[in-house]
Amino acid sequence: MTTAETFLEKLNKDLLKLHKGYEEYFWVSYMGDPSVDAKKDAAMAKLDAFRSDPKNLEKTRSLLQGVNAKTTDRLLQWIKYFEANQSPAEALVIKEKINVIESKITKRRSTRKEGYIDPATKKFVPASSVKMTTMIGTHPDEKVRKACFDAREALATDVIPDYLKVLRLRNDYAHSLGYEDFYALKVEREDGMTKDELFGIFDAIYERTKYAFDEIRKAEKTRPGLRKPWNFSYMMAGDFTKEEDPYFQFSDALMRWGRSFQSLDIDYKKGRLKLDLLDRKGKWNNGFCHWPDLVHFEKGKRIPGTSNFTCTLVAGQVGSGVVGANTLFHEGGHAAHFLNTEETEVCLNHEYAPMSTAWAETQSMFLDTLFSSIEWRIRYAKNAEGDSYPLSLYERKAKQLELMQPMRMNSIMFVAAYEREIYETKDLTQEKVLKIAKKHYKKYYDQSVDSLRALMVPHIYGWESSAAYHGYGLAELALSQWRAYFYKKYGHIVDNKNVGKEMREVWKYGSRYNFAEFVKLATGKKLSADAFVADVTMPAKKKIALAKKRIADLAKVRPMIGPITLGASIHMVHGKKEIANNKKSFEDMAKVYSAWLAKQG
């Protein structure tokens, strides 16, 4: 083994160990045990020190001379990794301070008292932020919806002092690396774009779709109170949520997810999955996926990885079945992405830089559009009597929600624009933060009462997810383009093994390419907003006609039969307790988990 190969082996082993050391503490902490936070922060400091160490970069560069093409390529991938994570010593000191404050924020948000004041009894009702969000969209009593809205608004301000400290430190970190601010650092490092390029795309979409606000204001004249933030979702879609609920009982979700992914020929490559899906006190209030053990190679043999993913489903609550099922498709898509990589270098096989947030989200969001498509729902979503999701329900929903469709990207552009201004604003104070949050809410939601909704988004409080929400927006464009490509090429996506095959072809590259290169590789075209805008501005009548065609096309495709495998060892857990696994069979695991779920509501 050459000197270069020996060094590369050491880099792979070191990163594997450091990555797992941090990720295991991260999972425990975010699942509700803050006692490990100090160990988590220490593990992150070690990982930061490794990936930002200039000696690692210098050594890797020095070994480029006199090696073969394969070794050269391996070295270049590590050079890209180290370059994307370089931090001077003073920056690492700042980063360690950030880690500590972020852990404090996480602990506060996961252990605080949450609930609302019942408008009838005037008594406090314990309810998680997640549960109150669902109630705002589904509860029939406007007074209760407003009580939940008010409670969430109050919760939005309770970590601002520490949030301000983190914002200043993040900018200090960016300045030490020569960037204008933290947002500039994130978008340039992760997506290879400038802020102006990114928001040029978003601003153009906003201008092409903002006509929807005028239509909603017109609708408000015949539907008083429509633009109140605690009324809008309920008045637009609350009845649909209740009407759809029988078709999306979470007790059926595991089987539907497993069969859908297997019908796409998605395989987890002998990886291990751990799923913790129910809400509970202390647990992080947002879904995510991570990979403690990364795919790697030992003596030329591929070693499978592991993935944990989670959401905060409230058992038995109307609408929760959709949330839980969507998680299985979305986070399950994330898991499949990184467990399918074939890259030999560990630095290409995780979600951190040089991986693009936008490209990672393209995979998960593409797969949750599978779940939300009408053809999937007609085939898979059935009620207790075995009746399929009604096309008539889809038609009524498409007509009523036509007003909202052009604004589908607004919630993403809203968070991105808020964070951009936050990092660009000098001498931030609590008053300025609140003003900026309300300013952007007004622009992107145009509702009759301003909200601090931006401060309720969990992503803004974590290092990796902050100043990265725009990745969901870029992913929306990419997945729309990818879906258009697949429909044109194959005529259908649901239960199409060719779609899974093509996805696996790009998954195998890990983070070898940047976002723009991956989009071109997958779709054959440069990234464009055209497919997305065409979709969200499509008249309901045309959308319904297209839905009927896709349903007819899918009817020609034979449904998958036989056992579900997915090529994974799967473990369903609730905190530290394992509820079920697929050691016997996937079907047995789903049955055991469903029986346990029935006792949780």
Side-chain angles (χ1 to χ4, degrees), residues 133 156 181-184 186-188 190-217 227 229 232-233 236 286 330 356-362 364-366 368-369 372 401 403-425 433-447 450-461 465-481 515-516 519 527-538:
T133 299
D181 56 45
F182 187 70
Y183 208 110
K186 291 294 286 286
V187 74
E188 290 178 35
E190 294 187 5
D191 298 298
M193 306 172 73
T194 65
K195 289 189 293 183
D196 286 344
E197 288 171 334
L198 172 67
F199 286 94
I201 294 171
F202 285 173
D203 291 346
I205 293 171
Y206 179 81
E207 291 299 320
R208 293 171 71 179
T209 57
K210 68 179 182 180
Y211 67 85
F213 292 134
D214 292 333
E215 298 301 314
I216 290 169
R217 282 178 175 254
R227 289 174 55 249
F232 187 74
S233 293
M236 291 298 295
N286 199 64
H330 183 99
S356 158
T357 298
W359 183 243
E361 292 302 331
T362 298
S364 56
M365 292 168 65
F366 179 94
D368 66 46
T369 61
S372 63
L401 301 187
L403 293 175
M404 297 174 62
Q405 287 306 304
M407 305 188 317
R408 199 170 84 195
M409 181 84 84
N410 283 28
S411 62
I412 295 170
M413 296 190 294
F414 157 66
V415 177
Y418 159 78
E419 285 204 276
R420 179 187 186 178
E421 185 167 350
I422 280 291
Y423 288 108
E424 291 179 346
T425 300
V433 169
L434 301 183
K435 184 177 180 181
I436 293 169
K438 290 183 177 181
K439 167 188 170 183
H440 289 286
Y441 184 83
K442 189 174 190 68
K443 176 179 178 179
Y444 289 98
Y445 287 89
D446 189 42
Q447 296 191 342
D450 291 334
S451 171
L452 299 174
R453 183 168 183 158
L455 298 174
M456 302 172 200
V457 178
H459 300 69
I460 69 174
Y461 299 110
S465 54
S466 57
Y469 211 79
H470 60 266
Y472 295 104
L474 293 174
E476 282 275 15
L477 307 185
L479 74 87
S480 294
Q481 187 168 315
F515 174 64
V519 171
L527 179 70
S528 166
D530 291 345
F532 172 80
V533 173
D535 184 32
V536 300
T537 60
M538 185 183 296

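Residues Leu474 and Val519 form no side-chain contact, since every pair of their non-hydrogen atoms from C-beta on lies 4.5 Å or further apart. Looking only at side-chain heavy atoms (C-beta outward), Val457 and Asn286 stay at 4.5 Å or farther from each other. Considering only heavy atoms from C-beta on, Val415 stays 4.5 Å or farther from Tyr472 through its side chain. Residues Phe182 and Glu419 have side chains not in contact (no heavy-atom distance under 4.5 Å, counting atoms from C-beta outward).
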Might you work through the side-chain contact (heavy atoms from CB on, under 4.5 Å) test for Tyr444 and Met407, ending with a clear yes or no?
CA-CA 8 Å; Tyr444 289 98; Met407 305 188 317; over 6 Å; no
Stepwise side-chain contact (heavy atoms from CB on, under 4.5 Å) check, Leu434 with Leu455
CA-CA 9 Å; Leu434 301 183; Leu455 298 174; 3.8 Å; yes
Evaluate the criterion side-chain contact (heavy atoms from CB on, under 4.5 Å) for residue pair Ile436 and Thr425; output intermediate values, then yes/no.
CA-CA 9 Å; Ile436 293 169; Thr425 300; 3.5 Å; yes
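Both the sub-6.0 Å distance and the 45° axial angle are satisfied by Lys443 relative to the ring of Tyr206. Because its NZ or CZ atom is both nearer than 6.0 Å to the ring centre of Phe199 and within 45° of the ring axis, Arg420 counts as a cation-pi partner of that residue.
Nearest heavy atom pair, residue Asn410 against residue Pro406, reads OD1-O, 4.3 Å. Across Ser466 and Tyr423, no two heavy atoms sit closer than the pair CB-OH, 4.0 Å. Looking at every heavy atom in both residues, Ala478 comes nearest to Thr362 through CB-OG1, 3.6 Å. Taking each heavy atom of Ser451 and Met456 in turn, the nearest pair found is OG-CE, 4.2 Å. Considering all non-hydrogen atoms of both residues, Arg408 and Ser480 come closest at NH2-OG, 4.0 Å. Minimum heavy-atom separation, Ala437 to Ala454: CB-CB, 4.2 Å.
Separation of atoms CZ (Phe202) and CZ (Phe414) is listed at 14.0 Å; rounding is to 0.5 Å. Here the CG atom belonging to Asp191 is positioned 12.5 Å from the CH2 atom belonging to Trp359, to the nearest 0.5 angstrom. Between the CD1 atom in Ile412 and the CD atom in Glu476 there is a gap of 4.5 Å [rounded to 0.5 Å]. Within the model, atoms CG of Leu477 and CE of Met409 stand 4.0 Å from one another, a figure rounded to the nearest 0.5 Å. Here OG of Ser356 is found 9.5 Å from CE of Met193. Values are rounded to the nearest 0.5 Å. Note that NZ of Lys195 and NZ of Lys186 are 13.5 Å apart. Values are rounded to the nearest 0.5 Å.
When atom types are taken as modelled, the side chain of Arg227 and the backbone of Arg217 share no donor-acceptor pair closer than 3.5 angstrom. Between the side chain of Gln481 and the main chain of Ala531, no donor-acceptor pair closer than 3.5 Å is present. Side chain of Tyr445 to main chain of Asp450: no donor-acceptor pair is present (N/O by atom type, distance under 3.5 Å, no hydrogens or angles).
In this view, Glu188 satisfies the side chain to side chain donor-acceptor pair (under 3.5 Å) rule with no residue, not counting sequence neighbours. Every side chain to side chain donor-acceptor pair (under 3.5 Å) that Glu421 has, sequence neighbours left out, goes to Lys439, His440. Here Thr369 pairs with Arg483 under the side chain to side chain donor-acceptor pair (under 3.5 Å) rule; sequence neighbours left out.
Ring geometry for Tyr183 versus His470: interplanar angle of 30 to 60°, hence tilted.
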